[in-house]
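Some notes on the structure that comes next.
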Amino acid sequence: MNNTIFDDVFRTMIEKMPYLAVPLINEVFHTSYPQDVPIVQLRNEHQQENGEIITDSCLKIGGKLYHIECQSVDDTTMAIRMIEYDFSIAVENAQKLGRRYRIEFPKSCVLYLRSGNNTPDFLEVEMTLSDEHTLLYRIPTIKLEGYTKDSIFEKDLLMLLPFYIMRYEKDIHEMSENPELFQNLLNEYEEIRSNLIKELSGEDKATLYMDLNKLIIKIADYICQSEEVVRKGIGEIMGGKVLELESERLLAEGKAIGEAEGETKGEERLSVLINRLILDGRSTEIQSVVTNAEIRKQMYKEYGI
């Protein structure tokens with residue numbers, strides 16, 4: 001299977017930040033799950049005779065199965081692909097009732113990162129069974145272009161933020177040559193950064209702030225790879241230099257420093273300090289904190305850590 005950068009980013013969020021999918025599920029299926037609802041991640045590999053099927057996500061929430069596929073192009077075969085995925089999920093979770101089996105299709109949807117006038121609101125497959133009964137398989141679609149930055153924050157759809165730049169990919173070249181359009185884009189990303197800080201304030205959410213920023217930069221770098229001015233501008237707004245120190249590496253750094261200093265809680269201590277610096281707008285001091293033990297001690301004292 002050929003994964004794209006969009007698949008990788010979407011699956012990273014599903015696997016490492018599954019709670020971000022909850023507001024998206026509420027939006028599509030008109031549910032009202034709280035963000036801290038228990039989530040069970042089911043496996044995405046489903047073995048069939050002709051090969052393995054890999055889905056983008058399969059979550060169990062409130063006793064229901066949810067399947068979301070992230071699609072970067074409007075593939076006209078998507079309806080058939082979805083029924084194949086959903087049937088595999090349903091069979092794998094079949095219930096045996098005496099000599100009868102019961103299978104329940106997951107609640108599924110497709111997130112279209114790119115869409116056009118012909119992209120449907122629902123994917124449909126008409127199925128005629130052997131007894132001539134006809135059933136309609138119908139699943140909703142959700143389109144990135146239908147959400148502004150304001151509606152994303154209003155509905156808590158933070159999972160869409162890494163892909164937000166795709167709303168403007170047709171205009172990227174023009175933006176690089178038009179200072180006014182370019183500034184409008186930078187202003188949008190400044191608002192996104194400010195809103196993210198407000199939404200994810202507090203030490204317990206600082207790591208999520210860093211990780212989401214990293215994914216935003218990752219997609220923006222890819223979409224703007226031919227337009228250095230735009231790519232660099234977004235990177236600087238969102239703190240691209242800091243994002244080289246992603247949370248997982250920071251924890252590893254903290255552990256090594258903690259061991260070197262003889263502190264059992266060194267890993268957690270450094271991670272908390274870095275998160276506090278980011279939230280206080282002092283990201284330029286992070287490199288010194290990581291590499292200079294004396295500065296690190298001063299910062300621990302300053303923040304009372």
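Values below: every heavy atom of this structure, side chains too, minus hydrogens, waters and symmetry copies. The structure displayed is predicted, hence computed values, not measured ones.
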A side-chain contact here means heavy atoms from C-beta on lying under 4.5 Å apart; do [X] and [Y] qualify?
{"X": "Ile165", "Y": "Tyr222", "answer": "no"}
{"X": "Lys301", "Y": "Lys297", "answer": "no"}
{"X": "Met13", "Y": "Leu212", "answer": "yes"}
{"X": "Phe6", "Y": "Met166", "answer": "yes"}

To the nearest 0.5 Å, what is the distance between [atom1] on [X] and [atom2] on [Y]?
{"X": "Met299", "Y": "Leu273", "atom1": "CE", "atom2": "CG", "result": "7.0 Å"}
{"X": "Leu59", "Y": "Leu65", "atom1": "CG", "atom2": "CG", "result": "9.5 Å"}
{"X": "Glu180", "Y": "Phe182", "atom1": "CD", "atom2": "CZ", "result": "13.5 Å"}
{"X": "Ile216", "Y": "Ile237", "atom1": "CD1", "atom2": "CD1", "result": "12.0 Å"}
{"X": "Asn178", "Y": "Asp171", "atom1": "CG", "atom2": "CG", "result": "10.5 Å"}
{"X": "Met78", "Y": "Gln71", "atom1": "CE", "atom2": "CD", "result": "4.5 Å"}

Evaluate the side chain to side chain contact (heavy atoms under 4.5 Å, CB included) criterion for residues Ile234 and Leu185: first the C-alpha distance (whole Å), next the side-chain angles of each, then the deciding distance (0.1 Å), finally the verdict. CA-CA 8 Å; Ile234 294 175; Leu185 180 68; 4.0 Å; yes

Does [X] pair with [Y] as a salt bridge, N-O distance under 4.0 Å?
{"X": "Arg81", "Y": "Glu69", "result": "no"}
{"X": "Lys64", "Y": "Glu104", "result": "yes"}
{"X": "Arg167", "Y": "Glu145", "result": "no"}

Find out if a path of hydrophobic residues (ILVMFWY) with successive side-chain heavy-atom gaps under 4.5 Å connects Tyr101 to Phe105.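 No; tracing contacts between hydrophobic side chains, which count when under 4.5 Å, never links both residues.
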
Does any donor atom in the side chain of Thr141 or Asp121 lie under 3.5 Å from an acceptor atom in the other side chain?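 Looking only at side-chain atoms, Asp121 and Thr141 do not form any donor-acceptor pair under 3.5 Å.
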
Look at the side chain of [X] and the backbone N and O of [Y], then say whether any donor-acceptor pair between them is shorter than 3.5 Å.
{"X": "Ser151", "Y": "Tyr147", "value": "no"}
{"X": "Ser115", "Y": "Tyr112", "value": "no"}
{"X": "Asn93", "Y": "Ala90", "value": "no"}
{"X": "Arg296", "Y": "Val289", "value": "yes"}
{"X": "Ser57", "Y": "Ile68", "value": "yes"}
{"X": "Arg114", "Y": "Ser72", "value": "yes"}

Applying side chain to side chain contact (heavy atoms under 4.5 Å, CB included) to Ile192 and Tyr164, what does each step give before you reach the verdict? CA-CA 10 Å; Ile192 287 173; Tyr164 189 74; 3.8 Å; yes

For residues Ile25 and Thr31, report the shortest heavy-atom separation together with the two atoms involved.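 Scanning both residues completely, I find the closest heavy atoms to be O-OG1, 3.6 Å.
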
In terms of relative ring orientation, are Tyr66 and Tyr33 parallel, tilted or perpendicular, with 30° and 60° separating the classes?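 Perpendicular, since the angle between the ring planes exceeds 60°.
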
Lys149, NZ atom: more than 12 neighbouring heavy atoms under 6.0 Å: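 Counting neighbours around NZ of Lys149, more than 12 heavy atoms of other residues, nucleotides or ligands fall under 6.0 Å, so yes.
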
NZ of Lys143: more than 12 outside heavy atoms within 6.0 angstrom?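 Buried by this count: over 12 neighbours within 6.0 Å.
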
Run Leu123 and Ile83 through side chain to side chain contact (heavy atoms under 4.5 Å, CB included) and show every step you take. CA-CA 10 Å; Leu123 300 178; Ile83 198 170; over 6 Å; no

Apply side chain to side chain contact (heavy atoms under 4.5 Å, CB included) to Leu135 and Tyr137, showing your working. CA-CA 6 Å; Leu135 301 177; Tyr137 167 85; over 6 Å; no

